[in-house]
Amino acid sequence: MSDSTIQHHEESRDVTFRVHRFNPQVDSKPYFDDYTIRLEKGITVLRAINYIKEHVDSSLTFRAFCQAGICGSCAMRINGMSKLACTTQVWDELDKAREPGVIKVEPLRNLPHIKDLVVEMDPLVGKMQKYSNWVDSKMPEEQWGKKEFLVSEEEFLAYDKATDCILCASCVSECTILRAHKEYVSPAVLLKSYRMNVDSRDSIHDQRLAGLVQDHGVWDCTHCYRCQETCVKNIPIMDAIHGIREDAIERRGTKDTSGARHAEAFMEDIEKKGKLVEATLPIRTNGLAWTLKNLLPMAFKMVMKRRTPPPPPLVKASKGIDALRKEFKEMTSHVGKDHEKKSGE
Amino acid sequence: MKPFDIVIVGGGGAGLYAAMEAMKTNPGLNIAVLSKIYPNRSHTSAAQGGANAALANKAKDDTVEMHIFDTIKGSDYLADQDAVEVLCSEAPKIIRELDNMGTPWSRMDDKTIAQRPFGGAGRPRCCYCADKTGHTILQTLYEQCLRKGVIFFNEYFALDLSVDGSRSRGLVAMNIKTGKIEAFPAKTVIFATGGYAKMYWNRSSNAAGNTGDGQAITYRAGIPLKDMEFVQFHPTGLRKSGLLVTEGARGEGGYLTNALGERFMKRYAPEKMELGPRDLVSRSLETEILEGRGFDSPAGKYLHLDLRHLGADIIKSRLPQIREMCMYFEGVDPIDDPVPVRPTAHYSMGGIDTDNLGRTVMQGVYAAGECGCVSVHGANRLGGNSLLDILVFGRIAGRAAAEECGKFNPTSIPEGELAEKELELRSFMQPKGHYERYGALREELGHTLGMNVGIFREASKIKQGITDIERLKERFQHVRVFDTGDIYNTNLLQVLELKNMLDLAETVAAGALVREESRGSHTRTDFPTRDDEKWHKHTVYTMEGGHPKIGYKPVTMGRYELQERTY
């Protein structure tokens, strides 16, 4: 134990919390309230807003429960980033503040707003139900309790990290796809789906996967990695998303859905040209009829603005394509070997 | 609203298991789970260490019989032996059942569920998933309830049991999102609302909402509470926040040391050392501090939990969340530095008086988990037995309610009760000449309990505590809720929770004063020994004129005779 933690603890200063306020019963639109309080170093954001509620403004509304980073209640946006108030140090946030000494506190995004810092969690629960985020055991219920499943430590480790998820919805709040499409499955639900799919005790893997490859499912993710950067439990969420995709291609092939075809078209182009042949990408992904019906107006606009991609014959292979193809071959042969190894086990 | 067959209050381990088991017992029943938070937020998630079961995966010679004996001895012989037998013999079955439904567990080399040593246990029988066992069990139960289509009323705050003579008509609750008071007429109600140790406030490891709502509601409805004076202090709360460092940290081999660098447990439990039962280890820490061998800091006196010799690998793989918590809340990485700890109020052994099927004296009303008192923990609970308790008795109560609800006729809750409740809640919001802030009362309640009804107790101090609580109850009449809105009024909820804590605090202090002996977690410096002749009995409390009236109940004995308790 270093004595320095105690000394730092005594450092204190005024801090302003600029808090998003909205009570639908009386307010026509949201606004910000500034609360300036004197705080000691070492205090968390949750303790600070608890102090404000108790001593300054009792109507300030937020969720909080365990105060120890395990229940997931107090996720909110602090200085523009979704995180748990109970594990966030005020002093760390002061370093990140845009306006000196001011910490901005807002509700999570991508979920319906209820009041001040409280958002509706039901849509997330609904998606957990839609994508069967549970183990449907291979063992019939009448036989439960009689003997353990035998599970290797390696298999446990495959879903260990994913079961750290506390459903705080920070990843949901930061997800860029959800901002565009509220129906999108969401990172937390993909993570949980993956966790169920790699559990050998589960019996509905194929059915769950079939749901995940549909519209608003696993192929809609654009790999922005915001979920993973945000995760308060440092869970590699993108590994789970990639895991589901690999699984989908392996079990359902590359012709299965537009998502899988899109991935295959990418691969094809990279091998042939070292870059994308964008003009035909929609056709290869969604077919000619779909493309004509859905993208013709956009193509027309692009022509008018002279922003059309070059026609396929004009897409020349990149410089150094030979070296790239060599690498590509080696990589794909590795993947092939890995798969053989996996299926051989 | 159409009457329910079963309304379950609380969505933690006990409530969710009860719901699942009730649906399994009779899929045609109309069952609802009410919870003031989303069920996956429940405090079950904070249980780190694990759940005891004599699976004999680790120690091949472990038996249910040994688990029973350890639990009875741990309880300082106040547990009912028939109830303990149910708890321990159901344990292996329920852990396997959890595995069968998909709960993640750490594994042994032979692929069976891993087990670790825990305090007060003769064999390593605590089944675990790293240091997040409660979290993974809670997640799994919630997932399984979603799979089975259990109907949830999330963010509903239970207010009252509606009572008609000797039976209950159902529950009155507030929809937190709208502020509307709603009736839940029900043939049976199961309370599974968790413990009441948050009344110690800053000296508690509990979540903010562990305010004993179910116990307070049933107590006010005339149902007796039992053994309320027994509050367990966990030896290793973090110095600044009171948050918990799991007993698993000592199970993995952690040392407790004082300012002289001694492993002081050699003075108190030479054989078991750091793995003595919690009451004993907590008293040992407190004694070290009182006798001047603790460390001093502006955040209070403390001792060291030293994990450094375990090495970075063990700490990272088996205690990852603990490491995170030490870093977030104390600024200490246990790989490099010892962790500053002191005892913290952690668990309520007492609760709603029930029989072995979770039934209370009122027809159709059940309780399970930390909210109830069967009693399996007696005067002191063993680590790893609380998760087990909520699972085993949650399931039993769910099954009992499902089997018995057919006996009761559906009924309705008079509209007048809702209107009356509405008026009562509104009255908190009216401007008053002289008013009190709930925060101040709550701080003072925690302070007086910690000072006067804490680890070491004596008559004069407890009396001071009782006087303080009575004054706080008077001042509570003037508490004002400043948020006058209907939608998500957490200010109102905090006040209602404080009311529950005040009523229960009175029973804790009253029980502590009458029990003139030292047993388990209840230590009277003026009566330092266990007095079986006078006090080998349960304390029972009923509310009369707003205050507790104390009675007694015999302890059910069995194979094990009273013995002196040494470790």
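Chain identifiers are assigned alphabetically (A, B, ...) following the order of the sequence lines, protein sequences preceding nucleic acid strands; residue numbering begins at 1 within each chain.
- The distance from the CG atom of Asn40(B) to the SG atom of Cys71(A) is 9.0 Å, given to the nearest 0.5 Å.
- Rounded to the nearest 0.5 Å, atoms OH (Tyr488(B)) and CD1 (Ile114(A)) are 6.5 Å apart.
- Ranked by heavy-atom pairs shorter than 4.5 Å toward chain B, the options Gly72(A), Gly69(A), Ala64(A), Pro24(A) are led by Gly72(A).
- Residue Ala207(B) comes nearest to Gln67(A) through the heavy atom pair C-NE2, 4.1 Å, listed as atom of the first residue, atom of the second, then distance.
- Counting heavy-atom pairs under 4.5 Å between each of Ser137(A), Ala68(A), Cys168(A), Ser132(A) and chain B puts Ala68(A) at the top.
- Contacts of Phe149(A) with chain B are made by both backbone and side-chain atoms, with heavy-atom separations under 4.5 Å.
- Nearest heavy-atom pair across Leu60(A) and Thr490(B) is O-OG1, 4.2 Å.
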Walk me through it: do Glu120(A) and Lys177(B) pass the test side chain to side chain contact (heavy atoms under 4.5 Å, CB included)? CA-CA 9 Å; Glu120(A) 180 63 76; Lys177(B) 284 171 192 168; 2.7 Å; yes
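- By the neighbour-count criterion of 12 heavy atoms within 6.0 Å, atom NZ of Lys301(B) is sparsely surrounded, having that number or fewer from other residues, nucleotides or ligands.
- Among Gln129(A), Met121(A), Met139(A), the residue with the largest count of heavy-atom pairs under 4.5 Å with chain B is Met121(A).
- Between Arg107(B) and Glu154(A), no side-chain nitrogen of the basic residue sits less than 4.0 Å from a carboxylate oxygen of the acidic one, so the salt-bridge criterion is not met.
- Under a 4.0 Å N-O distance rule, the pair Asp483(B)/Lys115(A) qualifies as a salt bridge.
- Contacts between Asp116(A) and chain B at a heavy-atom distance below 4.5 Å are absent for every atom of the residue.
- Annotation: maximal heavy-atom pairing with chain A below 4.5 Å, among Met325(B), Glu324(B), His135(B), occurs at His135(B).
- Between chain B and the options Arg195(A), Glu155(A), Gln89(A), heavy-atom pairs under 4.5 Å are most frequent for Arg195(A).
- Ranked by heavy-atom pairs under 4.5 Å with chain A, the list Ser106(B), Gly485(B), Ala46(B), Gly439(B) is led by Ser106(B).
- In terms of heavy-atom proximity, Trp105(B) sits nearest to Phe156(A) at O-CD1, 3.2 Å.
- Note on Asn23(A), Val125(A), Asn50(A): by heavy-atom pairs under 4.5 Å with chain B, the leading option is Val125(A).
- Thr112(B) contributes atom OG1, which lies 7.5 Å from atom CG of Leu150(A) (distance to the nearest 0.5 angstrom).
- Looking at Val151(A), both its backbone and its side chain come within 4.5 Å of chain B, counting heavy atoms on both sides.
- When each of Thr136(B), Asn206(B), Leu244(B), Ile113(B) is checked for heavy-atom pairs under 4.5 Å with chain A, Ile113(B) comes out on top.
- Between the side chain of Gln25(A) and the backbone N or O of Asp486(B), at least one donor-acceptor pair lies under 3.5 Å.
- The two residues Phe329(B) and Thr44(A) come nearest to each other via the heavy atoms CE2-CG2, 4.3 Å.
- The closest side-chain donor-acceptor pair between Arg63(A) and Tyr38(B), if any, does not fall under 3.5 angstrom.
- Here the OG1-CD1 distance, from Thr61(A) to Ile487(B), works out to 10.0 Å after rounding to the nearest 0.5 Å.
- Looking at Arg147(B), its side chain never comes within 3.5 Å of a backbone N or O of Trp134(A) through a donor-acceptor pair.
- Ranked by non-hydrogen atom pairs under 4.5 Å with chain A, the options His43(B), Arg442(B), Lys198(B), Met327(B) are led by Arg442(B).
- Looking at Glu143(B) and Lys192(A), a side-chain N of the basic residue comes within less than 4.0 Å of a carboxylate O on the acidic one, giving a salt bridge.
- In this structure, chain B has heavy atoms under 4.5 Å from both the backbone and the side chain of Phe65(A).
- Taking a 6.0 Å sphere around NZ of Lys161(A), one finds it holds more than 12 heavy atoms contributed by other residues, nucleotides or ligands.
- Checked for salt-bridge contact, Lys147(A) and Asp99(B) miss the test: no charged N lies under 4.0 Å from a carboxylate O.
- With a threshold of 4.5 angstrom between heavy atoms, Met128(A) approaches chain B through side-chain atoms but not through N, CA, C or O.
- Listed options Asp199(A), Asp136(A), Asp202(A) were ranked by heavy-atom pairs under 4.5 angstrom with chain B; first place goes to Asp136(A).
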Side chain to side chain contact (heavy atoms under 4.5 Å, CB included) for Ser58(A) and Arg480(B)? Distances and angles first, verdict last. CA-CA 10 Å; Ser58(A) 304; Arg480(B) 182 164 165 204; over 6 Å; no
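- Of the listed residues Lys111(B), Gln321(B), Met108(B), Met101(B), the one with more heavy-atom pairs under 4.5 angstrom with chain A than any other is Lys111(B).
- Side-chain atoms of Asn100(B) and Glu148(A) include no donor-acceptor pair closer than 3.5 Å.
- Interface remark: Glu141(A) contributes backbone and side-chain atoms alike to the contact with chain B (heavy atom separation under 4.5 Å).
- Here the closest non-hydrogen pair linking Ile166(A) and Arg41(B) is O-NH1, 3.0 Å.
- Of all the heavy atoms in Val135(A) and Gln144(B), the pair that sits closest is O-NE2, 2.8 Å.
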